[in-house]
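Worth knowing before you read on, the calculation uses all heavy atoms, side chains too, and leaves out hydrogens, waters and symmetry mates.
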Amino acid sequence: MTHEHHHHHDHHGHDHGHHHPPRDFGVAFAVGIGLNFAFVVVEVVYGVLAHSMALLADAGHNLSDVLALGLAWGASRLARRGPSERYTYGLRSTSILAALFNAALLFLVTGGIVWESIQRLFEPETVASRTVMWVALVGIVVNAVSAVPFARSGGDLNIRAAFLHLAADAVISLGVVLAALLTLYTGWLWVDPAMGITIAIVIIVGTWGLLRDSVTMALDAVPAHIDPAKVRAYLSELAGVSEVHDLHIWAMSTTETALTVHLVMPKGHPGDAFTAEICKELRDHHHVHHATVQIETGAHPCELAPDHVV
C-alpha cells in the first residue's frame, strides 16, 4: 500500500485557544476560593444558630463552589503543561474532567439539599430571619465580587463553569434574603425549607447544560460550536479532492479542538502550501486548532474509508 501521507499540525491554534484569556485567572481563582471558603464557615455557623435550612443549603452550594474553583484552577494549570512521551497531547483534557466532576458534584449537593428541605417542610423549625437575611446579603457581595473576573471566559468551558457556580450563588443568596424577609413579616415557617428546594431546582437547571457539554466532550463528541457537515463540505469542495473519509473532530480540552481526516486526491499531493491553507481555514472559520490531514491518491483502497469504521 503506497499512500502518500502528510501531517500538518497547526501550532498557532494552541495559542489561540489557551493564551487569549486574561492572565490574572490565577489571582481570580485564589481570591474566589479564599472569599468563598471564609463565607462558608460564616454561613454554617449562623445557619446552625438560626435554624435556617435555606442558609445551610446556600453554604453547601458555596462549599461545592470552593471545591469546583480549586478543581478548575488546578485543571487550568495542568492544561498549560506541554506534551510528554506518554501524554502526547499534554494534560489538556484535565479541564474537561474538572468541568464534568464539578457538574456531578453540584448534582450530589443538590440531592442533599432537597432531602433535608423536604424533612423540614414536615417538621418546621423557627428561623432567626434577621440573622439569615444579613448573612445572605454578605453572600451576594462575596459571590458577585468573585464572579466578575470570570465573566469573560473566552469560550473556555472550565472558566464558564467557575463563573456559573459563582453567579448562581449570588442569585441564590438573593433568594435566601427574600425568603428571610417573607418569614419575618408573615411568620410562615415553611418558606425557608421551600426556598431550600427552590435553590436546588435553580442549581439543577443551571448545571444541566454544563453536565451535558462536559459529558459530550469526555466522550470525544464533536463540540457543540462546530458543524461537522460544514467542515466535511469545505473539505469535499477543495480543488483536486475526490473523496473525504475518516473524518474525526473532538475536543482536546475545554478550549481546543482537534481534527484528523483522509483526503483522496487522484492527481497526488499538491504540496505543503495546500495543507497549510487547509489548517488555517479550519482554525479561522471552523474553530479547529489542531488539524492532521492525510493525503491519499486512491490507488489502493483505505481500510478506514467507510464512515462506520473507526
Side-chain angles (χ1 to χ4, degrees), residues 7-22 25 68 71-72 74-81 83 87-104 106-107 150-165 205-237 244-263 275 278-294 304 307-308 310:
H7 296 281
H8 185 98
H9 299 286
D10 187 6
H11 298 291
H12 296 292
H14 299 294
D15 288 341
H16 179 78
H18 263 299
H19 300 296
H20 280 201
F25 274 146
L71 282 167
S76 68
R77 296 294 296 272
L78 288 173
R80 294 175 184 270
R81 288 192 177 183
Y87 298 101
T88 55
Y89 275 133
L91 297 175
R92 289 169 167 79
S93 60
T94 54
S95 57
I96 298 174
L97 295 178
L100 178 59
F101 184 83
N102 286 340
L106 272 172
F107 275 101
F150 299 105
R152 299 183 66 181
S153 64
D156 188 335
L157 188 67
N158 198 35
I159 301 300
R160 190 185 107 198
F163 174 75
L164 286 176
H165 274 270
V205 172
T207 307
W208 180 252
L210 174 64
L211 179 64
R212 181 195 61 227
D213 291 345
S214 55
V215 167
T216 55
M217 281 188 173
L219 293 175
D220 288 338
V222 178
H225 63 282
I226 295 177
D227 186 341
K230 288 184 178 179
V231 173
R232 182 179 289 273
Y234 159 69
L235 295 171
S236 299
E237 292 167 2
V244 174
H245 61 259
D246 199 38
L247 173 61
H248 299 282
I249 308 170
W250 72 98
M252 294 196 304
S253 71
T254 52
T255 59
E256 293 174 294
T257 303
L259 174 151
T260 60
V261 67
H262 292 197
L263 301 180
T275 47
I278 291 175
C279 291
K280 182 178 184 302
E281 178 70 20
L282 288 172
R283 183 185 69 241
D284 294 346
H285 296 99
H286 298 281
H287 311 289
V288 173
H289 310 89
H290 186 113
T292 301
V293 179
Q294 178 171 312
L304 300 175
D307 285 339
H308 66 276
V310 178

| remark: Those residues at least two apart in sequence (or on a different chain) that pass side-chain contact (heavy atoms from CB on, under 4.5 Å) with Tyr234 are Leu238, Ile278, Glu281, Leu282, His286
| field | Reported CD1-to-OG1 distance for the pair Ile249 and Thr260, which is rounded to 0.5 angstrom | value | 9.0 Å
For residues 209-226, run the donor-acceptor check on the side chains, cut-off 3.5 Å, and write out each pair with its distance to 0.1 Å, sequence neighbours left out.
from: Asp213; atom 1: OD2; to: Arg160; atom 2: NH2; distance (Å): 3.3
from: Ser214; atom 1: OG; to: Leu210; atom 2: O; distance (Å): 2.8
from: Ser214; atom 1: OG; to: Leu211; atom 2: O; distance (Å): 3.1
from: Thr216; atom 1: OG1; to: Arg212; atom 2: O; distance (Å): 3.1
from: Thr216; atom 1: OG1; to: Asp213; atom 2: O; distance (Å): 2.8

| note | Closest non-hydrogen contact found for His262 with Asp246 is NE2-OD2, 3.3 Å
| said: Asp284: which residues meet the side-chain contact (heavy atoms from CB on, under 4.5 Å) condition with it, sequence neighbours left out? | reply: Lys280
| Less than 4.5 Å apart, any side-chain heavy atom of Glu256 and any of Tyr89? | no
| said: Would Val244 and Arg232 count as a side chain to side chain contact (heavy atoms under 4.5 Å, CB included) here? Give the steps. | reply: CA-CA 7 Å; Val244 174; Arg232 182 179 289 273; 4.1 Å; yes
| field | Value rounded to 0.5 Å, distance of CG in Leu100 from OG in Ser93 | value | 11.5 Å
| message | When you compare the side chain of His287 with that of Thr257, does any pair of heavy atoms fall below 4.5 Å? | response | no
| About how many Å separate OH of Tyr87 and CG of Leu78, when rounded to the nearest 0.5 Å? | 10.5 Å
